[in-house]
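For reference, the structure discussed in these notes is given below.
All values below come from the heavy atoms of this structure, side chains included, with hydrogens, waters and symmetry mates left out. Proteins come first, then strands; the chains are lettered A, B, ... in the order of their sequence lines, and each starts at number 1.
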Number of protein chains: 2
Amino acid sequence: MEKNDNTQERILSSARKVFMLKGMAGARMQDIADEAGINKAMLHYYFRSKEILFEMIFEQSLAQFFPRITGIIDAEIPFFEKIENFCGAYLAMLQQNPYLPLFVLNEVNQQPDYFKEKFWKNKDSLFLKFAELVDTEVTSGNIKPVKPAHLFINMISMCIFPFIGKPMFMMSSGMDELQFRYFIEQRKTEVAKFIIGSIKK
Amino acid sequence: MEKNDNTQERILSSARKVFMLKGMAGARMQDIADEAGINKAMLHYYFRSKEILFEMIFEQSLAQFFPRITGIIDAEIPFFEKIENFCGAYLAMLQQNPYLPLFVLNEVNQQPDYFKEKFWKNKDSLFLKFAELVDTEVTSGNIKPVKPAHLFINMISMCIFPFIGKPMFMMSSGMDELQFRYFIEQRKTEVAKFIIGSIKK
DNA sequence: CTTTGCGTTAACTATTTGGTTAAACCACTT
DNA sequence: AAGTGGTTTAACCAAATAGTTAACGCAAAG
(Lines give C-alpha, C1' and ligand atoms only; values in the text may rest on other atoms or scores of the structure.)
Protein backbone atom coordinates (compact mmCIF):
# COMPACT_ATOMS: atom_id res chain seq x y z
CA MET A 1 0.00 0.00 0.00
CA GLU A 2 3.01 2.24 -0.07
CA LYS A 3 4.03 1.14 -3.53
CA ASN A 4 1.14 3.35 -4.48
CA ASP A 5 2.66 6.49 -3.03
CA ASN A 6 6.05 5.56 -4.30
CA THR A 7 4.94 5.01 -7.89
CA GLN A 8 2.59 7.95 -7.98
CA GLU A 9 5.35 10.16 -6.69
CA ARG A 10 7.82 8.80 -9.23
CA ILE A 11 5.34 9.47 -12.02
CA LEU A 12 4.75 13.03 -10.92
CA SER A 13 8.45 13.64 -10.61
CA SER A 14 9.18 12.24 -14.06
CA ALA A 15 6.24 14.04 -15.59
CA ARG A 16 7.46 17.30 -14.14
CA LYS A 17 10.88 16.74 -15.64
CA VAL A 18 9.61 15.85 -19.11
CA PHE A 19 6.86 18.47 -19.28
CA MET A 20 9.26 21.18 -18.10
CA LEU A 21 11.75 20.31 -20.80
CA LYS A 22 9.42 19.58 -23.70
CA GLY A 23 6.15 21.33 -22.91
CA MET A 24 2.69 19.83 -23.23
CA ALA A 25 2.80 19.39 -27.01
CA GLY A 26 6.35 18.07 -27.13
CA ALA A 27 6.14 15.65 -24.19
CA ARG A 28 5.53 11.96 -24.88
CA MET A 29 3.78 9.69 -22.41
CA GLN A 30 6.35 7.02 -23.26
CA ASP A 31 9.18 9.37 -22.27
CA ILE A 32 7.57 9.99 -18.91
CA ALA A 33 7.12 6.26 -18.36
CA ASP A 34 10.74 5.57 -19.34
CA GLU A 35 11.99 8.34 -17.10
CA ALA A 36 10.05 6.79 -14.22
CA GLY A 37 11.18 3.30 -15.15
CA ILE A 38 7.65 1.92 -15.36
CA ASN A 39 5.11 0.70 -17.86
CA LYS A 40 3.22 3.30 -19.83
CA ALA A 41 -0.11 1.85 -18.72
CA MET A 42 0.71 2.90 -15.17
CA LEU A 43 0.45 6.51 -16.17
CA HIS A 44 -3.15 5.96 -17.17
CA TYR A 45 -3.80 3.85 -14.11
CA TYR A 46 -2.85 6.66 -11.75
CA PHE A 47 -3.82 9.61 -13.95
CA ARG A 48 -6.48 8.94 -16.51
CA SER A 49 -5.05 11.00 -19.36
CA LYS A 50 -2.11 13.05 -20.49
CA GLU A 51 -4.18 16.15 -20.01
CA ILE A 52 -4.97 15.37 -16.38
CA LEU A 53 -1.36 14.53 -15.62
CA PHE A 54 -0.32 17.76 -17.28
CA GLU A 55 -2.76 19.80 -15.26
CA MET A 56 -1.32 18.40 -12.04
CA ILE A 57 2.15 19.49 -13.02
CA PHE A 58 1.02 22.80 -14.42
CA GLU A 59 -0.85 23.81 -11.32
CA GLN A 60 2.09 22.87 -9.12
CA SER A 61 4.34 24.93 -11.38
CA LEU A 62 1.99 27.86 -11.37
CA ALA A 63 1.87 27.88 -7.59
CA GLN A 64 5.65 27.93 -7.48
CA PHE A 65 5.95 30.57 -10.15
CA PHE A 66 3.89 33.05 -8.19
CA PRO A 67 6.01 33.42 -5.15
CA ARG A 68 4.44 33.42 -1.74
CA ILE A 69 6.98 36.14 -1.27
CA THR A 70 4.02 38.30 -0.46
CA GLY A 71 5.55 38.10 3.00
CA ILE A 72 8.45 40.18 1.79
CA ILE A 73 6.17 42.87 0.41
CA ASP A 74 4.02 43.03 3.52
CA ALA A 75 6.98 43.05 5.90
CA GLU A 76 7.66 46.07 8.08
CA ILE A 77 10.88 47.04 6.39
CA PRO A 78 11.99 49.93 4.19
CA PHE A 79 10.90 49.85 0.55
CA PHE A 80 14.41 49.41 -0.80
CA GLU A 81 14.97 46.42 1.43
CA LYS A 82 11.77 44.88 0.12
CA ILE A 83 13.13 45.16 -3.40
CA GLU A 84 16.45 43.68 -2.33
CA ASN A 85 14.77 40.80 -0.56
CA PHE A 86 12.35 40.10 -3.37
CA CYS A 87 15.00 39.99 -6.08
CA GLY A 88 17.30 37.86 -3.96
CA ALA A 89 14.61 35.38 -3.01
CA TYR A 90 13.03 35.18 -6.44
CA LEU A 91 16.35 34.67 -8.18
CA ALA A 92 17.26 31.95 -5.68
CA MET A 93 13.98 30.17 -6.37
CA LEU A 94 14.50 30.41 -10.13
CA GLN A 95 18.02 29.14 -9.74
CA GLN A 96 16.56 25.93 -8.37
CA ASN A 97 13.83 25.80 -11.01
CA PRO A 98 15.57 27.14 -14.10
CA TYR A 99 13.06 25.69 -16.57
CA LEU A 100 10.01 26.91 -14.69
CA PRO A 101 9.61 30.31 -16.38
CA LEU A 102 9.75 29.19 -19.99
CA PHE A 103 7.46 26.26 -19.23
CA VAL A 104 4.81 28.27 -17.44
CA LEU A 105 4.87 31.28 -19.75
CA ASN A 106 4.73 29.04 -22.76
CA GLU A 107 1.66 27.17 -21.60
CA VAL A 108 -0.05 30.32 -20.41
CA ASN A 109 0.45 31.81 -23.84
CA GLN A 110 -0.89 28.62 -25.36
CA GLN A 111 -4.10 28.54 -23.34
CA PRO A 112 -4.75 31.95 -21.81
CA ASP A 113 -8.40 31.11 -21.17
CA TYR A 114 -7.77 28.00 -19.12
CA PHE A 115 -5.17 29.95 -17.23
CA LYS A 116 -7.57 32.75 -16.47
CA GLU A 117 -9.71 30.48 -14.31
CA LYS A 118 -6.87 28.91 -12.35
CA PHE A 119 -5.10 32.16 -11.91
CA TRP A 120 -7.73 34.24 -10.27
CA LYS A 121 -7.84 31.98 -7.28
CA ASN A 122 -4.69 33.91 -6.51
CA LYS A 123 -6.79 36.91 -5.65
CA ASP A 124 -4.08 38.80 -3.85
CA SER A 125 -2.26 39.88 -7.00
CA LEU A 126 1.40 40.51 -6.34
CA PHE A 127 1.29 43.29 -8.88
CA LEU A 128 -1.55 45.22 -7.24
CA LYS A 129 0.13 45.12 -3.84
CA PHE A 130 3.37 46.27 -5.37
CA ALA A 131 1.69 49.08 -7.25
CA GLU A 132 0.03 50.32 -4.08
CA LEU A 133 3.38 50.26 -2.32
CA VAL A 134 5.11 52.21 -5.06
CA ASP A 135 2.39 54.86 -5.15
CA THR A 136 2.76 55.35 -1.43
CA GLU A 137 6.51 55.82 -1.73
CA VAL A 138 6.10 58.24 -4.62
CA THR A 139 3.48 60.26 -2.79
CA SER A 140 5.60 60.49 0.34
CA GLY A 141 8.41 61.71 -1.87
CA ASN A 142 10.76 58.87 -0.96
CA ILE A 143 11.45 57.91 -4.57
CA LYS A 144 11.23 59.51 -8.00
CA PRO A 145 7.77 59.60 -9.62
CA VAL A 146 7.95 56.25 -11.40
CA LYS A 147 5.05 54.36 -12.94
CA PRO A 148 4.33 51.23 -10.89
CA ALA A 149 3.53 49.06 -13.93
CA HIS A 150 6.87 49.80 -15.55
CA LEU A 151 8.82 49.38 -12.35
CA PHE A 152 7.12 46.07 -11.69
CA ILE A 153 7.73 44.68 -15.16
CA ASN A 154 11.30 45.91 -15.06
CA MET A 155 12.00 44.06 -11.85
CA ILE A 156 10.28 40.86 -12.95
CA SER A 157 11.95 40.99 -16.36
CA MET A 158 15.43 41.33 -14.98
CA CYS A 159 14.86 38.39 -12.61
CA ILE A 160 13.18 35.99 -14.98
CA PHE A 161 14.60 36.69 -18.41
CA PRO A 162 18.15 35.48 -17.81
CA PHE A 163 16.76 31.97 -17.32
CA ILE A 164 14.65 32.13 -20.46
CA GLY A 165 17.47 33.48 -22.58
CA LYS A 166 20.18 31.45 -20.89
CA PRO A 167 21.44 29.30 -23.80
CA MET A 168 21.34 32.24 -26.19
CA PHE A 169 23.10 34.54 -23.78
CA MET A 170 25.71 31.94 -22.88
CA MET A 171 26.59 31.49 -26.53
CA SER A 172 26.80 35.16 -27.41
CA SER A 173 28.82 35.99 -24.32
CA GLY A 174 30.93 32.85 -24.28
CA MET A 175 30.05 31.96 -20.70
CA ASP A 176 30.18 28.38 -19.45
CA GLU A 177 27.88 26.81 -16.86
CA LEU A 178 30.01 27.87 -13.93
CA GLN A 179 30.35 31.44 -15.09
CA PHE A 180 26.61 31.64 -15.65
CA ARG A 181 25.99 30.38 -12.16
CA TYR A 182 28.27 33.07 -10.80
CA PHE A 183 26.52 35.62 -13.00
CA ILE A 184 23.17 34.77 -11.43
CA GLU A 185 24.74 34.84 -8.00
CA GLN A 186 25.84 38.41 -8.67
CA ARG A 187 22.40 39.38 -9.93
CA LYS A 188 20.90 38.53 -6.55
CA THR A 189 22.29 41.90 -5.42
CA GLU A 190 22.97 43.62 -8.75
CA VAL A 191 19.35 43.73 -9.92
CA ALA A 192 18.12 45.46 -6.78
CA LYS A 193 21.09 47.80 -6.87
CA PHE A 194 20.28 48.67 -10.47
CA ILE A 195 16.63 49.37 -9.67
CA ILE A 196 17.28 51.38 -6.56
CA GLY A 197 19.97 53.35 -8.36
CA SER A 198 17.38 54.42 -10.86
CA ILE A 199 14.50 55.39 -8.54
CA LYS A 200 16.20 56.83 -5.48
CA LYS A 201 16.22 60.56 -5.21
CA MET B 1 5.16 30.12 -63.52
CA GLU B 2 4.20 32.77 -61.06
CA LYS B 3 1.63 30.63 -59.33
CA ASN B 4 4.79 29.05 -58.01
CA ASP B 5 5.99 32.18 -56.28
CA ASN B 6 2.55 32.98 -55.10
CA THR B 7 1.91 29.60 -53.51
CA GLN B 8 5.35 29.24 -52.05
CA GLU B 9 5.01 32.65 -50.49
CA ARG B 10 1.58 31.82 -49.11
CA ILE B 11 2.92 28.62 -47.60
CA LEU B 12 5.81 30.41 -45.93
CA SER B 13 3.51 33.07 -44.60
CA SER B 14 1.05 30.55 -43.18
CA ALA B 15 3.82 28.39 -41.79
CA ARG B 16 5.29 31.40 -40.04
CA LYS B 17 1.94 32.17 -38.46
CA VAL B 18 1.28 28.63 -37.26
CA PHE B 19 4.82 27.87 -36.10
CA MET B 20 5.00 31.18 -34.21
CA LEU B 21 1.78 30.44 -32.38
CA LYS B 22 2.19 26.72 -31.74
CA GLY B 23 5.90 26.02 -31.94
CA MET B 24 7.50 23.13 -33.83
CA ALA B 25 5.97 20.38 -31.69
CA GLY B 26 2.51 21.90 -31.52
CA ALA B 27 2.17 22.91 -35.16
CA ARG B 28 0.23 20.65 -37.54
CA MET B 29 0.96 20.46 -41.25
CA GLN B 30 -2.78 20.38 -41.86
CA ASP B 31 -3.20 23.66 -40.00
CA ILE B 32 -0.57 25.30 -42.17
CA ALA B 33 -2.27 23.99 -45.29
CA ASP B 34 -5.67 25.21 -44.11
CA GLU B 35 -4.27 28.59 -43.22
CA ALA B 36 -2.82 28.86 -46.71
CA GLY B 37 -6.02 27.55 -48.28
CA ILE B 38 -4.25 24.78 -50.17
CA ASN B 39 -3.84 21.03 -50.17
CA LYS B 40 -1.53 19.50 -47.62
CA ALA B 41 0.43 17.74 -50.34
CA MET B 42 1.58 21.12 -51.59
CA LEU B 43 3.57 21.63 -48.44
CA HIS B 44 5.60 18.56 -49.27
CA TYR B 45 5.81 19.52 -52.92
CA TYR B 46 7.49 22.82 -52.10
CA PHE B 47 9.26 21.83 -48.90
CA ARG B 48 10.04 18.18 -48.52
CA SER B 49 9.29 17.80 -44.83
CA LYS B 50 7.92 19.56 -41.79
CA GLU B 51 11.46 19.85 -40.48
CA ILE B 52 12.71 21.60 -43.59
CA LEU B 53 9.77 23.99 -43.62
CA PHE B 54 10.36 24.70 -39.97
CA GLU B 55 14.02 25.45 -40.53
CA MET B 56 13.13 28.02 -43.17
CA ILE B 57 10.86 29.83 -40.76
CA PHE B 58 13.22 29.46 -37.86
CA GLU B 59 16.17 30.94 -39.70
CA GLN B 60 14.09 33.86 -40.89
CA SER B 61 12.94 34.43 -37.33
CA LEU B 62 16.42 34.18 -35.95
CA ALA B 63 17.65 36.77 -38.40
CA GLN B 64 14.89 39.10 -37.32
CA PHE B 65 15.39 38.45 -33.65
CA PHE B 66 18.98 39.59 -33.75
CA PRO B 67 18.52 43.12 -34.81
CA ARG B 68 20.68 44.60 -37.52
CA ILE B 69 20.54 47.50 -35.13
CA THR B 70 24.28 47.15 -35.02
CA GLY B 71 24.07 50.42 -36.90
CA ILE B 72 22.75 52.11 -33.82
CA ILE B 73 25.60 50.86 -31.70
CA ASP B 74 28.24 51.84 -34.23
CA ALA B 75 26.75 55.27 -34.84
CA GLU B 76 28.68 58.41 -33.92
CA ILE B 77 26.31 59.52 -31.19
CA PRO B 78 26.54 59.75 -27.39
CA PHE B 79 26.22 56.50 -25.44
CA PHE B 80 22.92 57.46 -23.84
CA GLU B 81 21.41 58.19 -27.23
CA LYS B 82 22.52 54.78 -28.42
CA ILE B 83 20.60 53.21 -25.57
CA GLU B 84 17.57 55.33 -26.31
CA ASN B 85 17.65 54.46 -29.99
CA PHE B 86 18.22 50.79 -29.38
CA CYS B 87 15.35 50.39 -26.92
CA GLY B 88 13.01 52.39 -29.08
CA ALA B 89 13.85 50.52 -32.26
CA TYR B 90 13.90 47.08 -30.67
CA LEU B 91 10.57 47.62 -28.93
CA ALA B 92 9.06 48.84 -32.18
CA MET B 93 10.24 45.72 -33.97
CA LEU B 94 8.88 43.46 -31.24
CA GLN B 95 5.60 45.32 -31.33
CA GLN B 96 5.22 44.17 -34.92
CA ASN B 97 6.40 40.66 -34.13
CA PRO B 98 4.98 40.02 -30.67
CA TYR B 99 5.26 36.24 -30.86
CA LEU B 100 8.83 36.23 -32.11
CA PRO B 101 10.62 36.14 -28.73
CA LEU B 102 8.78 33.23 -27.18
CA PHE B 103 8.99 31.28 -30.42
CA VAL B 104 12.70 31.76 -30.93
CA LEU B 105 13.73 31.34 -27.32
CA ASN B 106 11.62 28.26 -27.01
CA GLU B 107 13.13 26.53 -29.99
CA VAL B 108 16.64 27.58 -29.05
CA ASN B 109 16.13 26.04 -25.65
CA GLN B 110 14.80 22.94 -27.32
CA GLN B 111 17.78 22.42 -29.61
CA PRO B 112 20.72 24.46 -28.37
CA ASP B 113 23.15 22.43 -30.45
CA TYR B 114 21.47 23.01 -33.79
CA PHE B 115 21.24 26.65 -32.85
CA LYS B 116 24.93 26.85 -32.07
CA GLU B 117 25.83 26.22 -35.71
CA LYS B 118 23.35 28.65 -37.21
CA PHE B 119 24.09 31.30 -34.67
CA TRP B 120 27.77 31.68 -35.07
CA LYS B 121 27.40 32.86 -38.60
CA ASN B 122 26.42 36.05 -36.80
CA LYS B 123 30.03 36.57 -35.85
CA ASP B 124 29.66 40.21 -34.87
CA SER B 125 27.99 39.52 -31.53
CA LEU B 126 25.80 42.37 -30.43
CA PHE B 127 26.77 41.60 -26.87
CA LEU B 128 30.52 41.85 -27.40
CA LYS B 129 30.21 45.19 -29.17
CA PHE B 130 27.99 46.50 -26.43
CA ALA B 131 30.36 45.29 -23.71
CA GLU B 132 33.27 47.05 -25.38
CA LEU B 133 31.26 50.23 -25.56
CA VAL B 134 30.29 50.09 -21.89
CA ASP B 135 33.85 49.46 -20.79
CA THR B 136 34.98 52.51 -22.71
CA GLU B 137 32.35 54.68 -21.07
CA VAL B 138 33.23 53.37 -17.64
CA THR B 139 36.93 53.91 -18.17
CA SER B 140 36.43 57.46 -19.35
CA GLY B 141 34.37 58.04 -16.24
CA ASN B 142 31.20 58.94 -18.14
CA ILE B 143 29.04 56.42 -16.30
CA LYS B 144 29.10 54.50 -13.04
CA PRO B 145 31.28 51.37 -12.98
CA VAL B 146 28.65 48.88 -14.13
CA LYS B 147 29.27 45.33 -15.34
CA PRO B 148 28.55 45.13 -19.09
CA ALA B 149 26.97 41.66 -18.91
CA HIS B 150 24.42 42.79 -16.34
CA LEU B 151 23.65 46.02 -18.12
CA PHE B 152 23.19 44.19 -21.40
CA ILE B 153 20.87 41.54 -19.98
CA ASN B 154 18.94 44.20 -18.09
CA MET B 155 18.29 46.15 -21.24
CA ILE B 156 17.37 43.10 -23.32
CA SER B 157 15.19 41.73 -20.53
CA MET B 158 13.16 44.89 -20.14
CA CYS B 159 12.57 45.08 -23.88
CA ILE B 160 11.72 41.45 -24.58
CA PHE B 161 10.04 40.16 -21.45
CA PRO B 162 6.84 42.20 -21.63
CA PHE B 163 5.96 40.35 -24.82
CA ILE B 164 6.70 36.95 -23.33
CA GLY B 165 4.75 37.64 -20.16
CA LYS B 166 2.02 39.64 -21.86
CA PRO B 167 -1.06 37.50 -21.12
CA MET B 168 0.02 36.90 -17.55
CA PHE B 169 0.77 40.55 -16.97
CA MET B 170 -2.43 41.71 -18.60
CA MET B 171 -4.45 39.48 -16.31
CA SER B 172 -2.70 40.40 -13.09
CA SER B 173 -2.79 44.11 -13.89
CA GLY B 174 -6.24 44.14 -15.48
CA MET B 175 -5.02 45.80 -18.68
CA ASP B 176 -6.85 45.35 -21.96
CA GLU B 177 -5.30 45.21 -25.42
CA LEU B 178 -5.39 48.95 -25.93
CA GLN B 179 -3.89 49.73 -22.57
CA PHE B 180 -1.14 47.21 -23.19
CA ARG B 181 -0.39 48.80 -26.53
CA TYR B 182 -0.08 52.17 -24.81
CA PHE B 183 2.06 50.59 -22.11
CA ILE B 184 4.55 49.38 -24.73
CA GLU B 185 4.43 52.76 -26.41
CA GLN B 186 5.52 54.34 -23.13
CA ARG B 187 8.29 51.80 -22.69
CA LYS B 188 9.94 52.97 -25.89
CA THR B 189 11.20 55.90 -23.84
CA GLU B 190 10.72 54.64 -20.28
CA VAL B 191 13.16 51.72 -20.52
CA ALA B 192 16.03 53.89 -21.69
CA LYS B 193 15.15 56.51 -19.08
CA PHE B 194 15.20 53.82 -16.41
CA ILE B 195 18.58 52.50 -17.51
CA ILE B 196 20.20 55.87 -17.91
CA GLY B 197 18.83 56.96 -14.57
CA SER B 198 20.66 54.08 -12.98
CA ILE B 199 24.07 54.42 -14.64
CA LYS B 200 24.55 58.15 -15.07
CA LYS B 201 26.85 59.79 -12.58
C1' DC C 1 -5.46 20.11 -81.98
C1' DT C 2 -2.10 17.56 -79.50
C1' DT C 3 1.65 17.25 -76.51
C1' DT C 4 4.36 18.39 -72.60
C1' DG C 5 5.25 19.42 -67.95
C1' DC C 6 4.53 21.96 -63.83
C1' DG C 7 1.05 22.69 -60.35
C1' DT C 8 -2.70 20.76 -57.76
C1' DT C 9 -5.81 17.58 -55.60
C1' DA C 10 -8.12 13.48 -53.38
C1' DA C 11 -7.14 9.40 -51.67
C1' DC C 12 -4.00 6.56 -49.63
C1' DT C 13 0.04 4.70 -46.57
C1' DA C 14 3.13 4.44 -42.63
C1' DT C 15 4.28 5.90 -38.30
C1' DT C 16 3.66 7.91 -34.09
C1' DT C 17 1.25 8.21 -30.01
C1' DG C 18 -2.47 8.39 -26.44
C1' DG C 19 -5.18 5.12 -24.50
C1' DT C 20 -7.22 0.14 -23.28
C1' DT C 21 -7.41 -4.65 -21.87
C1' DA C 22 -6.70 -9.08 -20.17
C1' DA C 23 -3.66 -11.62 -17.85
C1' DA C 24 0.08 -12.00 -14.49
C1' DC C 25 2.02 -10.64 -10.05
C1' DC C 26 2.26 -10.08 -5.22
C1' DA C 27 1.22 -8.97 -0.53
C1' DC C 28 -2.04 -10.02 2.65
C1' DT C 29 -6.24 -12.50 4.65
C1' DT C 30 -8.82 -16.52 5.66
C1' DA D 1 -3.34 -23.70 0.37
C1' DA D 2 -6.77 -20.93 -1.66
C1' DG D 3 -8.80 -16.54 -2.13
C1' DT D 4 -8.85 -11.44 -2.59
C1' DG D 5 -7.74 -7.01 -4.29
C1' DG D 6 -4.77 -3.62 -5.49
C1' DT D 7 -0.63 -3.15 -8.68
C1' DT D 8 1.99 -4.04 -12.87
C1' DT D 9 2.91 -5.63 -17.48
C1' DA D 10 2.83 -6.98 -22.53
C1' DA D 11 0.11 -6.73 -26.15
C1' DC D 12 -3.16 -4.49 -28.46
C1' DC D 13 -6.36 -0.66 -30.43
C1' DA D 14 -7.77 3.75 -32.38
C1' DA D 15 -6.93 8.27 -33.51
C1' DA D 16 -3.89 11.65 -35.18
C1' DT D 17 -0.50 13.05 -38.23
C1' DA D 18 3.58 13.25 -41.49
C1' DG D 19 4.36 11.82 -45.84
C1' DT D 20 3.24 9.53 -50.74
C1' DT D 21 1.01 8.58 -55.05
C1' DA D 22 -1.56 8.54 -59.06
C1' DA D 23 -4.58 11.06 -61.61
C1' DC D 24 -6.28 15.59 -63.09
C1' DG D 25 -5.97 20.60 -64.74
C1' DC D 26 -4.20 23.76 -67.52
C1' DA D 27 -1.24 27.00 -69.72
C1' DA D 28 2.49 27.18 -73.03
C1' DA D 29 4.97 24.95 -76.87
C1' DG D 30 4.83 22.39 -80.99
Side-chain angles (χ1 to χ4, degrees), chain A residues 1-61 99 103 106-107 109-111 113-114, chain B residues 1-61 99 103 106-107 109-111 113-114:
Chain A
M1 304 298 173
E2 65 172 342
K3 269 184 173 178
N4 186 321
D5 280 13
N6 209 322
T7 305
Q8 190 160 333
E9 214 31 69
R10 273 237 303 285
I11 291 177
L12 282 172
S13 169
S14 304
R16 193 175 307 121
K17 203 181 228 171
V18 174
F19 277 131
M20 284 279 183
L21 249 43
K22 305 281 189 169
M24 169 62 173
R28 296 293 102 103
M29 291 298 263
Q30 189 60 59
D31 293 342
I32 297 176
D34 291 348
E35 177 74 33
I38 57 167
N39 190 291
K40 182 168 63 99
M42 295 296 283
L43 301 180
H44 292 93
Y45 180 75
Y46 284 98
F47 308 89
R48 284 212 311 284
S49 68
K50 182 184 182 183
E51 213 180 353
I52 291 174
L53 182 53
F54 173 78
E55 282 190 22
M56 294 275 175
I57 302 303
F58 183 63
E59 284 190 42
Q60 282 182 8
S61 304
Y99 297 106
F103 170 65
N106 221 25
E107 301 302 334
N109 269 276
Q110 214 58 220
Q111 323 190 359
D113 301 328
Y114 163 78
Chain B
M1 300 301 176
E2 65 172 340
K3 267 184 173 180
N4 185 321
D5 279 13
N6 210 322
T7 305
Q8 189 160 335
E9 213 31 69
R10 274 237 303 286
I11 292 177
L12 282 172
S13 170
S14 304
R16 193 177 305 121
K17 204 181 227 170
V18 175
F19 277 132
M20 283 281 184
L21 247 43
K22 305 283 189 167
M24 168 64 173
R28 296 292 100 105
M29 291 298 263
Q30 189 61 59
D31 294 342
I32 296 175
D34 291 348
E35 177 74 32
I38 55 166
N39 190 289
K40 182 167 64 94
M42 294 298 282
L43 302 181
H44 292 93
Y45 180 76
Y46 284 98
F47 308 89
R48 282 211 314 283
S49 67
K50 182 183 181 184
E51 212 181 352
I52 290 173
L53 182 53
F54 173 78
E55 282 190 24
M56 294 275 176
I57 302 303
F58 183 62
E59 284 188 44
Q60 282 182 8
S61 305
Y99 297 107
F103 170 65
N106 224 20
E107 301 302 335
N109 269 275
Q110 214 58 221
Q111 321 189 5
D113 300 327
Y114 163 76

- prompt: If only atom types and distance count, is the side chain of Ser13(A) paired as donor or acceptor with the main-chain N or O of Glu9(A) below 3.5 Å?
  reply: no
- request: In whole angstrom, give the distance that lies between atom NE2 of His44(B) and atom C1' of dG7(C).
  value: 17 Å
- prompt: Given dG7(C), dG19(C), dT7(D), which nucleotide is nearest the side-chain atoms of Met42(A)?
  reply: dT7(D)
- prompt: Which one, dA18(D), dT8(C), dT9(D), comes nearest to the side chain of Ile38(A)?
  reply: dT9(D)
task: Specify the residues of residues 28-36 of chain B, ordered by number, for which at least one heavy atom lies under 4.0 angstrom from an atom of DNA chain C.
output: none
Sub-4.0 Å heavy-atom contacts from residues 11-22 of chain A onto DNA chain D, ordered by number: none
Proximal nucleotide (of dG18(C), dT8(D), dT8(C)) relative to the Tyr45(B) side chain: dT8(C)
- prompt: Taking atom P of dG18(C) as reference, at what distance in whole Å does atom CD1 of Ile52(A) sit?
  reply: 15 Å
task: Quick one: which residue pairs count as a salt bridge (charged side-chain N to carboxylate O under 4.0 Å, His left out) with a foot in residues 39-51 of chain B, not counting sequence neighbours?
output: none
query: Taking only residues two or more places apart in sequence, or in another chain, which ones meet Glu107(B) in a side chain to side chain contact (heavy atoms under 4.5 Å, CB included)?
result: Met24(B), Phe54(B), Phe58(B), Phe103(B), Gln110(B)
task: Round to the nearest Å and state the distance from Tyr46(B) atom OH to dG7(C) atom P.
output: 5 Å
- request: Mind checking side-chain hydrogen bond (donor to acceptor under 3.5 Å, both in side chains) for Glu55(A) and listing every partner two or more places apart, or none if nothing turns up?
  value: none
query: Nearest-Å distance, NZ (Lys40(B)) to P (dT21(D))?
result: 13 Å
field: Pairing residues for Tyr99(B) by the side chain to side chain contact (heavy atoms under 4.5 Å, CB included) criterion, not counting sequence neighbours
entry: Met20(B), Leu21(B)
Contacts of Asn106(B) that satisfy side-chain hydrogen bond (donor to acceptor under 3.5 Å, both in side chains) - sequence neighbours left out: Asn106(A)
Please tabulate the protein-to-nucleotide N/O contacts below 3.5 Å involving nucleotides 21-25 of chain C, giving atom names and distances.
none

Which side-chain N or O atoms in residues 29-38 of chain A pair as donor and acceptor under 3.5 Å with protein atoms at least two apart or in another chain?
residue, atom, partner, partner atom, Å
Gln30(A), NE2, Asp34(A), OD1, 3.0
Glu35(A), OE2, Lys17(A), NZ, 2.9

